[in-house]
Every structure is written in C-alpha cells, then in structure tokens.
There are 2 protein chains.
Amino acid sequence: MRSPESAARERAKEPGRRAGQLSRLEIQRAALRIVDLAGLAELTVRRLAQSLHVTPMAIYRYFPNKAALEATLVDLVVSDSAVTAHDTPELRLWLLHTFARMRHALCRHPGIMPLLGTASHSSGNALAIVEQVLGRMRSHGIGSGDATRLFYRATAFTLGSVVMMDSVSLAHFVKPRPVQDELRRQQRHGFAALPKTEFPQVVAASAALADCYSGKRFEQELLGVIDDALQAAPHS
Amino acid sequence: MRSPESAARERAKEPGRRAGQLSRLEIQRAALRIVDLAGLAELTVRRLAQSLHVTPMAIYRYFPNKAALEATLVDLVVSDSAVTAHDTPELRLWLLHTFARMRHALCRHPGIMPLLGTASHSSGNALAIVEQVLGRMRSHGIGSGDATRLFYRATAFTLGSVVMMDSVSLAHFVKPRPVQDELRRQQRHGFAALPKTEFPQVVAASAALADCYSGKRFEQELLGVIDDALQAAPHS
DNA sequence: ACCTGAACACCGTTCAAGT
DNA sequence: ACCTGAACACCGTTCAAGT
C-alpha cells in the first residue's frame, strides 16, 4: 500500500515520537502512564502500542504477554517511590515516613492496586525494602522477632488503608487540595445522611469515619501502630 | 434454523438447568462461582450466560452492564460471610472472631479483591457490619473516638493482610491443609534461598516472614492490634 | 416482560513476512 | 534483531425482533 520509508518519515514527524529503539522500561513507563490517566481497564496492548507510535506486535518483542508486562508495573512504582530514600534519625519517625511514602506512592497510582496480589515479594525492589526496614530496626537494638512483627503490622495496615479508600478518593488523589476537601465533605455527608434509626453509630461517628476512609487519619494511626509495637519491644 | 420449542426442550434436558426465570441473585451466584473457580479475568458475560443456559443478552435484563454486576459481588460475599453471626461474650475475642471471619471470607474468594475499591462502604451489608462492630464496642463502655480508631486499625490490618498474601497462597486457600503446609514451606524456602550477602535480614527472618505472608500469624497479630487499642481506651 | 440473534467495534495473540 | 500486517478467536454492548 505504502512504502515503509514514507511510513517511518511520517512517524518521525509526529510531535511525541520516540527516539530510536523501543525498550522494556520505555514500554513500562507508557503503560503506567495509561493506567494512571485512564485506569487499568484501559491498558490495552493496542492502545499502548499506539501511544508508542508502534504496531501492537512490537510489544511482544519485549514481553511474552500482557500479564507479564502488568506484573512489572508494581515493581516500577515501588522503585520509583524510593520509600527509604530519606534520612530521619529517630527510629519511630523513620518508620512513619517510610510507610507514609509507601502509601503515598500507591495512592498516586491507584490503578495498580489490583496487581498487588501478583509477584509481590518475589520482586527484587520490594525485597530490598523489606531488608532495609528490618535492618534499620535491628540496628536500633530491636530483636528479629519484634522487628518482623512490627513490619507485618505496619505493612498490612498501610496496604489495608489504601484498599479502604474508596475508588472515588483514590481516583482524585492527585487532584488539588480543594477537590480533596470537597470529596471528604461529600463522604462525611454520605455517612451522616444515613437513616439514624438503622445506623445510629455510623451516623454519630460519621465525621471520624469519613476521615478514616479518606485517609486523613492515616499517619496519625500508623504512628500509633508503630509506637504500640515499639513499646512491646525493648530497644535503645 | 430451529424451532424455539425444540431449543427450550433441549435446554430443559440439560442436567444443571435452571428452574424457571432468571434472577439477579441467581446471576450473581453464578458469577461468583466463575470468579472462585477461574478468577476474575475469566468472568465473561458470554461465559456467565453459558453457565446459566441462557443467551448473553439475557444478563442485561438484570444488570445495566458487566461493571454493575461485578460491583454487587463484594456485597454478596460480605453478606454470605455473616461475620457478626457468632456469640462471644468477651469483647476482645468477639472482635478477634469478627475480623478473622472477615479475612476468612475474603481469602475464600480471592478473585473479588480487585473489586474492593469499588462501592465499599456504600453497600448496605458492609455498613451494617460497621454499625454492629461500633455498637458492640460502645455497649462495652468504649468511647466513640476510641471505637472508631480500633475499627480503623483492625479493618485496615485485616484487608492489608489479605493483600499481602501472594496469589499462590490465596489461590490455594481452599485446598486441604497438607497443601497449605507445603506452600508455606516453599515460601520459607523462597526467602531462605535468597543471597545472604544481599538480604541478610530477610534470610535470617525467613521463617517468620513466610508465616506473615502466608497468613499463619494473622490471628495472633490481630489480637495484638486489638489489645493495644483496647489498652489505650478505658472500658468496662 | 423476558429472552433471542445478528451485528459492531473492540480485545490478546499467532504466524508469516519484511528490512 | 526488530518491527509490520493480516488473521483468528474472542470480548462487551446496541438494536431489532420474537413470544
């Protein structure tokens, strides 16, 4: 139909064109971009290829299938977030910041939440975080058993708090603060507007519950979880 | 091609045929069955219709689209699990059993985990659980703020612990105990087999970490979370 | 009211071919 | 080695039609 030369020239003319060859990382970044902007359901081999100005089948030179590509996205977010790349001398605050960064990274990429169940700790970057968190606690004199226990509690609490944030809050996490406040207000009104006879406790605690489900009280409660666990563990 | 009469007769002859008309609940149960047996990705309108001995478009008489059907599955599992349908006098054990039942229900239907971010607390059945948990605590003399805080911590920990369980453990959750033990052993070996120079802490704590990721230590740690929160809250 | 059947615009993926 | 193009067996969903 058309000479490949002219096709290449046309591609080169496009404003957002790629420079040179494709790569695994370039594909992953484009995939994450689609997931962030449009959700995991909109991540399609064909659409991904289009965003890279390439034919769908070009993707398969770098990944055996779509699932294999998706599985790498969690690791990409994990390594991007660099949760331990901060220096906080005090142990409890170091842990607070580390897990808060983890949650922040997940909230900014809510589309990957469904992928968390896949290849979680088998990925190198996630394992490196486990290693550093455990090591930090050990170096502060905390025993191996206590360190593992605190890691388990804090990790589960962090992941669970992201799951608890409903999709509305998550989808608008990157939106400006006024929008967040508006959403929280809607949420409180959602709880508060329930029939008081059927859900008296929920209505009475509507403001506090809205804070929990919107993530506003996350850091406060995370610090509580950390302090409770540290209190039970003798350390320097 | 063929008279509708003979088609109906043929359908009636099939062994697992439906009796009479379709219903929302019947469709939901069939959908959950597919998700449990084959995973959420295998839940397809066409396959679902086939399992109900019906044409794909028959589904759309009861649900506006596939997403609306999926959104009801979380609520179905929640109401099936009847997490508060037990009598345990002591408060801390009542809470332990309630959240342990919640986790058990989710582990038995791992396919719905990706749906948790959708319409979580807007569903009536989930709200009823919140109401009962809060009410139980209030009736034991716990203040509203402390009750909400404990609910938040325990819920997030429970959901997070399910997310932490990797897909292997989850997929085989319903399998017999020997298989579970085998999986846990593999998991420990997975941690233990890492390069000791790169991941010394992970290797050293491999057995304990495997217990966390496999869910074996869930109830023990959940009770710790509950007791820590109760200790901070004055109650009878 | 409830279900069917054909059709449309999509999927992921295979296979053979181009340079 | 890297990418294209056509093709296959699927999707969810609309629309018109049957009883």
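Numbered from 1 within each chain, the chains take letters A, B, ... in sequence-line order.
When both pairing distances are held under 3.5 Å, dC8(C) makes a Watson-Crick or G-U pair with dG12(D). Using the Watson-Crick or G-U wobble rule with both distances under 3.5 Å, dA1(C) pairs with dT19(D).
Of the candidate nucleotides dT13(D), dT4(D), dT4(C), dT4(D) has the atom lying nearest to any side-chain atom of Val54(A). Closest contact between the side chain of Asn65(B) and the listed nucleotides dG12(D), dT4(C), dT13(D) involves dT13(D). When distances are taken from the side chain of Gln21(A) to each of dC2(D), dG12(D), dT14(C), the shortest belongs to dC2(D). In this structure, of dC2(D), dA6(D), dT4(C), it is dT4(C) that holds the atom nearest to the side chain of Ala58(B). The side chain of Thr55(A) has dT4(D) as its nearest neighbour among dC2(C), dT4(D), dA7(C).
Atom-to-atom, CD1 of Ile59(A) to C1' of dC11(C) comes out at 15 Å; the value is rounded to the nearest Å. In this structure, OH of Tyr60(B) is placed 17 Å from P of dA16(D), rounded to the nearest angstrom. Computed from coordinates, the Arg46(A) CZ to dT4(D) C1' distance equals 13 Å when rounded to whole Å. Rounded to whole Å, the distance from CG on Leu52(B) to C1' on dC3(C) is 13 Å. Across the protein-nucleic acid pair, Met57(B) atom CE and dG18(D) atom P stand 17 Å apart, rounded to whole Å. In this structure, the CD1 atom of Ile27(A) is 14 Å from the P atom of dG12(C), given to the nearest Å. For the pair Glu42(B) CD and dG12(D) C1', the computed distance is 15 Å after rounding to whole Å. Put simply, CZ on Arg24(B) is 13 Å from P on dC2(C), counting in whole angstrom units.
Atom CG of Leu69(B) is separated from atom CG of Leu43(B) by 6.0 Å, given to the nearest 0.5 angstrom. Distance check: Phe63(A) CZ to Glu70(A) CD gives 11.0 Å after rounding to the nearest 0.5 Å.
Thr44(A) has no side-chain polar atom (N or O) that falls below the 4.0 Å cut-off from OP1 or OP2 of dC10(C). Considering only side-chain N and O atoms, Tyr62(B) lies nowhere under 4.0 angstrom from the phosphate OP1 or OP2 of dC2(C).
The aromatic ring centres of Tyr213(A) and Phe191(A) sit less than 6.0 Å apart.
Both tests do not hold together for Arg217(B) against Tyr152(A): distance to the six-membered ring centre under 6.0 Å, angle to the ring axis within 45°.
Within the 4.0 angstrom heavy-atom criterion, no nucleotide atom of any strand lies near Phe63(B).
Each of Lys66(B) and Arg61(B) was matched to the nucleotide of DNA chain D holding its nearest heavy atom; the match closer to the 5' end belongs to Lys66(B). Each of Pro64(A) and Arg47(A) was assigned the nucleotide of DNA chain C with the nearest heavy atom; the assignment lying further toward the 5' end belongs to Arg47(A).
Side-chain atoms of Thr98(A) and His86(A), non-hydrogen and from C-beta on, do get closer than 4.5 Å to each other.
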